[in-house]
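First the structure, in the form of structure tokens, and then the observations on it.
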Amino acid sequence: MNADTLLSQGKPVIASSIEDDTLTAGKAVDGSTSTRWASAEGSDPQWIRVDLGQPAAVGRVKLNWEAAYAKAYRIEVSDDGTTFSTVKTVADGNGATDDLTGLQGHGRYVRVVGTQRGTSYGYSLWELEVYGTTDSSGDTQAPTVPAGLKSTGATATSVALSWTASTDNIGVSGYDVLRDGTAVATTASTQYNDTGLTANTAYKYSVRARDLAGNVSAASEPIAVTTPTGGTGGFVLAAAGDIADRCTASNSDCIHPKTAKLVEAMNPTAVITMGDNQYDDAHLSDFQNYYAKTWGKFKSITHPIPGNHETYDDTPFKGYHDYFGSIATPQGKNYYSWNQGNWHFIALDSNDFVQEEGLREPAQLTWLKQDLANNTKGCIAAYYHHPRFSSGDHGDNPDAEPLWQTLVSAKTDLVLNGHDHHYERFLPQNVDGDKDANGPVQIIGGMGGAPLYPVHAAHPATAKILSDFGVLKLSMTDNTFATQLIGLDGKVLDGSPTYSCH
């Protein structure tokens, strides 16, 4: 490998913003000069960051600009994706192609930060190419053997493992997890949750380490783990978003008292709300006068998240926080996680992903990645207000792409949203919204009581779309889930297949 080796093509990439969901960051490193990334228009600064996958000496960066170019920008490198150093500053860019050579950079992450637009639009790149030499070139030394392998918990269908990190002269890239002598997974962390197992069965586990050059250590000393005898671990949840309009049961057209009765009939273990719990301005007085009299009956078992209407207060979120108290912020933030049975639930505040961010990764996204890495449950569900994909009035939310991408990469099983006031169940989807059995099932459940919105042409992965009020009934077991939409008359308006957790 030499200093002119292309390192960036096809690697993970994120950006501060995108103009629309056809101009995503990945288009800048796909090797095609007919596809491009474009940032939001009319705003400085903007950035695009590529993860080279391992540390490298960076000697050259080539930028193929579209008409929306940067007049002023800088090239930065970083070891951790958070703290960056500048290796090149350009103050007089004129578009076309900038081939920047002789750079003296070293790191895993390379970022192009546009500080002054050359046009009134945004920043747009046909291709971002990073050239250099990776640290692993010529390396033949394997990492040390992982130590301290242990089981940190087991259910009837899963075993959680942890071990001590290996060391390497260049850097450890990941670990192979072996079950009964066969590799079943590779993970970058020192934890893994092995799922889809059989109850009351003995398994033998070991781990081996890999480095950035592909060298592999010997396997660790094996440990034996026996899964316990399992019940089904079944439980029922009720879920909806966009709930309490400013009306009461004395008005026959008021919907949230009727959806609250559906929740009561389900007798759920817990209640999930997907934001916009109270309309319009979500003052404490509104929560007390409306939401509290219907869905408030389930407050003690509710795990809420805020929507955009929770920000419509004299102090954003004040009414929401005052009403729900620590229930809304059990970990000190508007986002948190909780467990039930073999399920890990992640409650997110998507308001963070529809606002202008600075040059750093949003703190919530950093938290989410760590929360997923720490999870030991076999099934994962996430819920937040603004859906990544929607056939409703608000439509898709490309700003939520980093959030959606993180959840898809973690093999999340179920994602619940609100915001658009309709019901829409999608087949499992990948990052791009295409049908993919390995992706999560996304359900928009914004039909809890606020006035319904019109729906438009369905997405390719849409399984069912309805403009009706109702409540989601989620039937969960240790390793499966199934969903139903229960209408105001108590009848099932839609039902999903039973899905096995990834």
Determine all donor-acceptor pairs shorter than 3.5 Å in which one atom belongs to a side chain in residues 436-447; sequence neighbours excluded.
from, atom 1, to, atom 2, distance (Å)
D436, OD1, N438, N, 2.9
Q442, OE1, Q429, NE2, 3.3
Q442, NE2, F389, O, 2.8
Q442, NE2, N417, OD1, 3.3

Would a distance-only check, ignoring hydrogens and angles, find a side-chain to backbone donor-acceptor pair under 3.5 Å from [X] to [Y]?
{"X": "S16", "Y": "W47", "value": "yes"}
{"X": "D80", "Y": "T83", "value": "yes"}
{"X": "S189", "Y": "Q191", "value": "yes"}
{"X": "S350", "Y": "H385", "value": "yes"}
{"X": "T133", "Y": "A57", "value": "no"}
{"X": "N430", "Y": "D432", "value": "yes"}
{"X": "K369", "Y": "L365", "value": "no"}
{"X": "T412", "Y": "V408", "value": "no"}
{"X": "S217", "Y": "A142", "value": "no"}
{"X": "S17", "Y": "A40", "value": "yes"}

Is any side-chain heavy atom of [X] closer than 4.5 Å to a side-chain heavy atom of [Y]?
{"X": "E76", "Y": "V110", "value": "no"}
{"X": "T164", "Y": "T190", "value": "no"}
{"X": "R74", "Y": "T115", "value": "yes"}
{"X": "R388", "Y": "D21", "value": "yes"}
{"X": "P387", "Y": "N397", "value": "yes"}
{"X": "N308", "Y": "H386", "value": "yes"}

Give the minimum heavy-atom separation between [X] and [Y], together with the two atoms involved.
{"X": "G93", "Y": "Y69", "result": "O-CE1, 3.4 Å"}
{"X": "A270", "Y": "H303", "result": "CB-CD2, 3.8 Å"}
{"X": "V130", "Y": "S8", "result": "N-OG, 2.9 Å"}
{"X": "S166", "Y": "T144", "result": "OG-O, 2.8 Å"}
{"X": "G395", "Y": "D420", "result": "N-OD2, 3.3 Å"}
{"X": "A68", "Y": "T119", "result": "CA-OG1, 4.0 Å"}

Between [X] and [Y] (salt bridge meaning N to carboxylate O under 4.0 Å), is one present in this structure?
{"X": "D92", "Y": "K71", "value": "no"}
{"X": "D313", "Y": "K318", "value": "no"}
{"X": "K62", "Y": "D98", "value": "no"}

Derivation of the side-chain hydrogen bond (donor to acceptor under 3.5 Å, both in side chains) call for D30 and T35 = CA-CA 8 Å; D30 62 1; T35 61; 2.5 Å; yes
Any chance OH of Y121 has more than 12 other-residue heavy atoms, nucleotides or ligands included, within less than 6.0 Å?
->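 Result for OH/Y121: open.
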Got a sec: does the NZ of K27 have more than 12 other heavy atoms crowding it under 6.0 Å?
->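 Buried by this count: over 12 neighbours within 6.0 Å.
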Do [X] and [Y] have side-chain atoms, one donor and one acceptor, less than 3.5 Å apart?
{"X": "H459", "Y": "S391", "answer": "yes"}
{"X": "T462", "Y": "E424", "answer": "yes"}
{"X": "S173", "Y": "Q54", "answer": "no"}
{"X": "D20", "Y": "T22", "answer": "yes"}
{"X": "N277", "Y": "E310", "answer": "yes"}
{"X": "Y279", "Y": "D242", "answer": "yes"}

Rounded at 0.5 Å granularity, tell me how far [atom1] in [X] sits from [atom2] in [Y].
{"X": "D139", "Y": "D168", "atom1": "CG", "atom2": "CG", "value": "6.0 Å"}
{"X": "L472", "Y": "L416", "atom1": "CG", "atom2": "CG", "value": "6.5 Å"}
{"X": "F345", "Y": "Q340", "atom1": "CZ", "atom2": "CD", "value": "7.0 Å"}
{"X": "D276", "Y": "H421", "atom1": "CG", "atom2": "NE2", "value": "6.0 Å"}
{"X": "W404", "Y": "F353", "atom1": "CH2", "atom2": "CZ", "value": "14.0 Å"}
{"X": "T483", "Y": "L414", "atom1": "OG1", "atom2": "CG", "value": "7.5 Å"}

Side-chain donor-acceptor contacts of residues 328-335 below 3.5 Å, not counting sequence neighbours, with atom names and distances?
from, atom 1, to, atom 2, distance (Å)
Q331, NE2, S337, O, 3.0
N334, OD1, H321, NE2, 2.7
N334, ND2, D349, OD2, 3.4

Decide if the gap between the ring center of W343 and the ring center of F481 is smaller than 6.0 angstrom.
-> yes
Chi angles and distances behind the side chain to side chain contact (heavy atoms under 4.5 Å, CB included) call for K464, Y423 = CA-CA 8 Å; K464 187 76 170 183; Y423 168 84; 4.2 Å; yes
Given the rule in the side chain to side chain contact (heavy atoms under 4.5 Å, CB included) test, do N64 and T33 qualify, once you have shown the distances and angles that lead to the verdict?
-> CA-CA 8 Å; N64 185 354; T33 55; 3.8 Å; yes
For R60, which of T101, T5, D99 qualifies under side-chain hydrogen bond (donor to acceptor under 3.5 Å, both in side chains)?
->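 Going through T101, T5, D99 one by one, the side-chain hydrogen bond (donor to acceptor under 3.5 Å, both in side chains) with R60 is satisfied by D99 alone.
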Step-by-step side chain to side chain contact (heavy atoms under 4.5 Å, CB included) determination, H344 to C379 | CA-CA 6 Å; H344 184 61; C379 304; over 6 Å; no
Could you walk me through whether W65 and Y73 pass the ring pair (Phe, Tyr, Trp, His ring centres under 6.0 Å) test, one step at a time?
-> CA-CA 12 Å; W65 295 101; Y73 63 93; 5.6 Å; yes
Show your working on side chain to side chain contact (heavy atoms under 4.5 Å, CB included) between V13 and R49 and close with a plain yes or no.
-> CA-CA 6 Å; V13 60; R49 189 200 79 182; 5.7 Å; no
D51 meets the salt bridge (charged side-chain N to carboxylate O under 4.0 Å, His left out) criterion, sequence neighbours left out, with R108
Could you walk me through whether R208 and D176 pass the salt bridge (Lys or Arg N to Asp or Glu O under 4.0 Å) check?
-> CA-CA 5 Å; R208 63 194 181 204; D176 297 333; 2.9 Å; yes
Sole candidate of T97, V90, I75 that passes side-chain contact (heavy atoms from CB on, under 4.5 Å) when paired with L63 |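 The residue from T97, V90, I75 that satisfies side-chain contact (heavy atoms from CB on, under 4.5 Å) with L63 turns out to be I75.
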Report the C-alpha distance between Y453 and H422 in whole Å, list the side-chain angles of each, state the deciding distance to 0.1 Å, and finish with yes or no for ring pair (Phe, Tyr, Trp, His ring centres under 6.0 Å).
-> CA-CA 6 Å; Y453 290 166; H422 73 284; 8.6 Å; no
